[in-house]
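Chain identifiers are assigned alphabetically (A, B, ...) following the order of the sequence lines, protein sequences preceding nucleic acid strands; residue numbering begins at 1 within each chain. In what follows, every heavy atom counts, from backbone to side chain, and hydrogens, waters and symmetry copies are set aside.
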Amino acid sequence: MVLPRSYYLNDDVLAIARSLLGKVIITTFDGKTTSVMITETEAYAGVADRASHAYGNRRTARTEVMFAEGGVAYVYLCYGIHHLFNVVTNAADIPHAVLIRAGEPLEGIDHMLLRRKKATLTPTLTSGPGALSAALGIRTIHTGVSLNGDSISIHDMGTNISPAQIVAATRIGVAYAGADALLPYRFYIAGNRFVSKAKGL
DNA sequence: CAAACGATTTTCT
DNA sequence: GAAAATCGTTTGG
């Protein structure tokens, strides 16, 4: 079933980041449907989190969507090349978000291979936030899009990830955040092949 | 208006 | 293992 809007309003962004593991993202663009099961997430805990773009209650044209009510997408361009897909959570004016870092391909693998210019299915197809977004066809123009809509949606397929299967670790690429870079805000499914292998593991 | 810089990935050595 | 690719956002003049 599609996750209801209320799912995203939880004020505990860490709980949502854990809960999203095992859920399924389905995108439909240009009549092409692709889906992945989420295997890795990172929480960005709003104004008090130095690693968050919204740290210190900073509102700009780019971060504004993080201040929207939970249940929409926040997509932004990183290093001029990569589109990073986040799930906005919590009530309006509380800029919490969960970065989706990796997933396990389910449907539309042929479309994902085309988008990534790859010939065969390997973990690199959808492991890593930039790679995952590219495979699903998510780009910055989708920022602000509802996660209950026709183009992007997140579903509970009944897959249950037990706490024992969830590993908590430090976030990746946020060394600039000082002490907040050490927070265990990254979660992934233990033993899953489709988890990012970027430096920092 | 100009300049610096990333919540990364790929490729080359 | 190291470095390049590449551009919107943010910040400073």
Side-chain angles (χ1 to χ4, degrees), chain A residues 8 13-14 16-18 20-21 25 36 38-68 70 72-90 94-105 112-145 147 152 167-188 193-201:
Chain A
Y8 302 100
V13 69
L14 296 176
I16 296 179
R18 288 173 174 274
L20 280 172
L21 295 175
I25 302 174
V36 301
I38 299 170
T39 58
E40 182 177 2
T41 63
E42 273 183 8
Y44 284 85
V47 300
D49 183 354
R50 290 182 59 186
S52 171
H53 292 155
Y55 173 65
N57 212 42
R58 187 174 49 178
R59 292 180 88 127
T60 65
R62 180 180 62 153
T63 64
E64 184 62 31
V65 67
M66 296 181 82
F67 291 83
V72 298
Y74 168 42
V75 186
Y76 87 100
L77 189 66
C78 185
Y79 294 99
I81 306 174
H82 308 292
H83 302 261
L84 272 55
F85 171 60
N86 298 253
V87 172
V88 174
T89 74
N90 216 320
I94 302 179
H96 286 185
V98 177
L99 170 67
I100 307 301
R101 289 193 58 85
E104 179 172 333
M112 292 194 266
L113 289 171
L114 282 173
R115 285 168 179 154
R116 298 270 288 122
K117 295 182 167 53
K118 286 182 167 294
T120 57
L121 173 60
T122 65
T124 58
L125 181 68
T126 53
S127 299
L132 177 73
S133 300
L136 289 173
I138 295 173
R139 285 168 287 126
T140 54
I141 57 171
H142 301 119
T143 205
V145 168
L147 300 178
I152 307 176
V167 179
T170 54
R171 291 175 291 185
I172 299 206
V174 294
Y176 63 86
D180 286 350
L182 303 177
L183 296 170
Y185 281 7
R186 182 164 65 95
F187 305 98
Y188 61 92
R193 292 166 53 226
F194 297 91
V195 166
S196 73
K197 292 166 187 61
K199 56 200 168 188
L201 292 182

In whole Å, I'd like the distance from the [atom1] atom of [X] to the [atom2] atom of [N].
X      : N      : atom1 : atom2 : value
A:Y76  : B:dT8  : OH    : P     : 7 Å
A:L132 : B:dT9  : CG    : P     : 9 Å
A:E40  : B:dT9  : CD    : P     : 10 Å
A:R58  : C:dT11 : CZ    : C1'   : 10 Å
A:L125 : B:dT10 : CG    : P     : 10 Å
A:F85  : B:dT9  : CZ    : P     : 15 Å
A:I172 : B:dA7  : CD1   : P     : 13 Å

[X] [atom1] to [Y] [atom2] distance, which is reported to the nearest 0.5 Å:
X      : Y      : atom1 : atom2 : value
A:L125 : A:E104 : CG    : CD    : 11.5 Å
A:N90  : A:Y8   : CG    : OH    : 14.0 Å
A:R50  : A:Y44  : CZ    : OH    : 14.0 Å
A:L21  : A:T39  : CG    : OG1   : 7.5 Å
A:E64  : A:T143 : CD    : OG1   : 11.0 Å

Query - Pair A:R171 + A:E42, salt bridge at N-O below 4.0 Å - result: no

Query raised in the report: Do A:S196 side-chain atoms and A:G128 backbone N/O form a donor-acceptor pair below 3.5 Å?
Result: no

Query raised in the report: Within the distance-only criterion (no hydrogens, no angle test), does the side chain of A:T41 pair as donor or acceptor with the backbone N or O of A:A17 below 3.5 angstrom?
Result: yes

Query raised in the report: Under a 3.5 Å cutoff on both atom distances, Watson-Crick or G-U, what's the dot-bracket for DNA chain C ([ ] crossing, | other strand)?
Result: |||||.||||||.

Query raised in the report: Tell me, for nucleotides 4-9 of chain C in 5' to 3' order, what letter each nucleotide earns: B for a base near a protein heavy atom under 4.0 Å, S for only sugar-phosphate near one, - for neither?
Result: -BBBSS

Requested in this report: Residues of residues 47-55 of chain A with any non-hydrogen atom less than 4.0 angstrom from an atom of DNA chain C: list those, numerically ordered, please.
Outcome: none

Query raised in the report: Taking everything shown except A:R139 itself, do over 12 heavy atoms lie less than 6.0 Å from its CZ?
Result: no

Report task. Please tell me if the side chains of A:L121 and A:P105 come closer than 4.5 Å, counting only heavy atoms from C-beta onward. Result -> yes

Query raised in the report: Can you find a heavy atom in the side chain of A:F85 that is under 4.5 Å from one in the side chain of A:V75?
Result: yes

Requested in this report: Starting from the 5' end of DNA chain B, give me the residue, A:R116 or A:V174, whose nearest nucleotide shows up first.
Outcome: A:V174

Query raised in the report: Nearest to the side chain of A:P129, which nucleotide is it out of B:dT10, B:dA7, B:dT9?
Result: B:dT9

Query raised in the report: Is A:R101 near enough to B:dT8 that one of its side-chain N or O atoms lies under 4.0 angstrom from OP1 or OP2?
Result: yes

